[in-house]
Amino acid sequence: MIQTEAVTFPDHIHGYPRVAFGGYVAGLLARRSGADTVRVDFRRAVPIGTTLALPTGAPGHTTLVDADGTLLAQAAPATLDLTPPPAPSWSVASAATEAARTSPKRPVTDCFGCGVECAPGHGLRLFPWAVPGEPLMAAAWTPDPRLADDTGHLPPEIIWSTLDCPGGIAAWVFQGMAQGAVTAALTATQLRPTPADTDYIAHAWPIHHEGRKHTVGVALSTRSGALCAVAEALWVAPRPT
């Protein structure tokens, strides 16, 4: 008999309205997988405020299904051959974050990852924007202590969340990705512990795009540039109407 664990994503953990934030969902599945490097593929939109299930699977593999058993997302051990460009300095990342706050091009939302209307502690409030003269997105980020787990560290759900929006914004700005795109797959690995009481730099860069598919790299580093986590993300734009 297959055993399952119930999970419900709270209403504030959303990207698009009523849809659970992809990075957070992926981090939960990665934590459950236990593999060093994990790939999470999204098959359908994951709803918030709804009881979902995590059936027991093969070691390192995990799935998320709805009440009808429909597959929403799945995680599996993976490899990641990706060398990130060096993180920008804290001052450059801080300038990018300030530009994000003031840019009229940037949508104002309550997205769990990059929303300026997200209350502190109820979202990352991670605001990436382009670094002048480089195909690079960057953000300076000091986590709210309420995002930490009981050990005072940022859990996988939060780390993977930091690896989501910067890549989407990089694809939008540098690859011309259409609005309304979604995270289709996220492959990531965490390289060192991430205490909540410190500063971080997130940066993202374009890798490749073909048609509606956009591949980007994303990294999270300490203020001094030590790499904490790295990811490759596949974003898919909506079909033209």
Side-chain angles (χ1 to χ4, degrees), residues 7 9 13-16 19-48 52 54 57 60-65 71-85 111-115 123-124 126 128 137 139 141 147 154-172 174-175 177 180-191 194 200 202-210 212-221 227-238:
V7 60
F9 294 100
I13 301 179
H14 68 84
Y16 293 117
V19 177
F21 187 69
Y24 191 97
V25 175
L28 183 146
L29 294 177
R31 175 169 58 81
R32 186 177 174 87
S33 163
D36 291 336
T37 303
V38 178
R39 175 178 171 125
V40 176
D41 287 278
F42 292 90
R43 301 305 183 191
R44 288 174 174 79
V46 178
I48 55 174
L52 307 173
L54 294 161
H61 295 253
T62 187
T63 57
L64 178 68
V65 301
L71 180 64
L72 303 176
Q74 59 190 120
T79 58
L80 183 60
D81 184 15
L82 185 64
T83 302
C111 169
F112 181 79
C114 64
L124 302 188
L126 178 67
M137 280 288 154
W141 184 56
L147 298 174
L154 299 172
E157 291 89 336
I158 298 301
I159 296 301
W160 282 61
S161 291
T162 69
L163 303 173
D164 196 354
C165 288
I169 298 173
W172 170 47
F174 299 124
Q175 297 178 336
M177 185 174 71
V182 297
T183 310
L186 188 60
T187 304
T189 186
Q190 185 170 339
L191 304 172
T194 47
Y200 294 95
H203 67 294
W205 59 99
I207 296 176
H208 174 73
H209 80 94
E210 182 177 356
R212 297 187 298 118
K213 296 181 178 180
H214 299 258
T215 302
V216 293
V218 192
L220 184 71
S221 304
L227 196 60
C228 298
V230 62
E232 182 176 290
L234 171 64
W235 285 71
V236 177

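Residue numbers start at 1 and run along the sequence shown.
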| Where is the tightest heavy-atom contact between W160 and A30, given as atom of each residue plus distance? | CZ2-CB, 3.3 Å
| task | Write down the atom of G22, the atom of F42, and the distance for their closest heavy-atom approach. | result | O-CZ, 3.2 Å
| message | With rounding to the nearest 0.5 angstrom, report the OG to CD1 distance, S161 to I13. | response | 7.5 Å
| Beyond-backbone contact of P77 with H61, side-chain heavy atoms, under 4.5 angstrom | yes
| message | Measuring from atom OG1 of T194 to atom CG of L147, what distance do you get when rounded to the nearest 0.5 angstrom? | response | 11.0 Å
| message | Taking side chain to side chain donor-acceptor pair (under 3.5 Å) as the definition, give me every residue that meets it alongside T187, ordered by chain and number, with sequence neighbours left out. | response | none
| Quick one: side chain to side chain donor-acceptor pair (under 3.5 Å) partners of S33, sequence neighbours excluded? | none
| remark: Rounding to 0.5 Å, atoms CG (D36) and OG1 (T189) come to a distance of 6.0 Å
| Which atom of W235 lies closest to which atom of G167, heavy atoms considered | NE1-C, 4.0 Å
| For the residue pair A45 and L72, what are the closest heavy atoms and their distance? | O-CD2, 3.9 Å
| request: Could you grab the distance from atom CG of L191 to atom CG of L227, nearest 0.5 Å is fine? | output: 5.0 Å
| What pairs with T62 under side chain to side chain contact (heavy atoms under 4.5 Å, CB included), at least two apart in sequence or on another chain? | L29, R32, L54, A75
| said: Tell me whether R39 contacts the main-chain N or O of A76 through its side chain, where contact means a donor paired with an acceptor under 3.5 Å. | reply: no
| request: Taking side chain to side chain contact (heavy atoms under 4.5 Å, CB included) as the test, write out the residues that go with A20, two or more places apart. | output: F9, V25, V46, I48
Can you give each donor-acceptor pair under 3.5 Å made by side-chain atoms of residues 213-220, sequence neighbours left out, with the distance rounded to 0.1 Å?
unit_1 : atom_1 : unit_2 : atom_2 : d
H214   : ND1    : Q175   : OE1    : 3.0

| remark: d(I159 CD1, L124 CG) to nearest 0.5 Å is 9.5 Å
| request: Please name all residues satisfying side chain to side chain contact (heavy atoms under 4.5 Å, CB included) with C165, sequence neighbours left out, ordered by chain then number. | output: F21, C111, C114
| query | Taking only residues two or more places apart in sequence, or in another chain, which ones meet L82 in a side chain to side chain contact (heavy atoms under 4.5 Å, CB included)? | reply | L80, W205, I207, V230, E232
| All salt bridge (Lys or Arg N to Asp or Glu O under 4.0 Å) counterparts of R31, not counting sequence neighbours | E157
| Check: T162 and W141 side chains under 4.5 Å, non-hydrogen atoms | yes
| task | Please name all residues satisfying ring pair (Phe, Tyr, Trp, His ring centres under 6.0 Å) with Y24, sequence neighbours left out, ordered by chain then number. | result | F112
| field | Atom pair CG (D164) and OG1 (T183), whose distance is rounded to the nearest 0.5 Å | value | 3.5 Å
| Of all residues at least two apart in sequence or in a different chain, which pass the side chain to side chain donor-acceptor pair (under 3.5 Å) check with R43? | Q74
| What heavy-atom pair brings H203 and P85 nearest, and what distance separates the two atoms? | NE2-O, 2.8 Å
| Closest approach of W172 and M177, non-hydrogen atoms and distance? | CD1-O, 3.3 Å
| query | If we only count heavy atoms from C-beta on, is the H14 to V19 side-chain gap below 4.5 Å? | reply | no
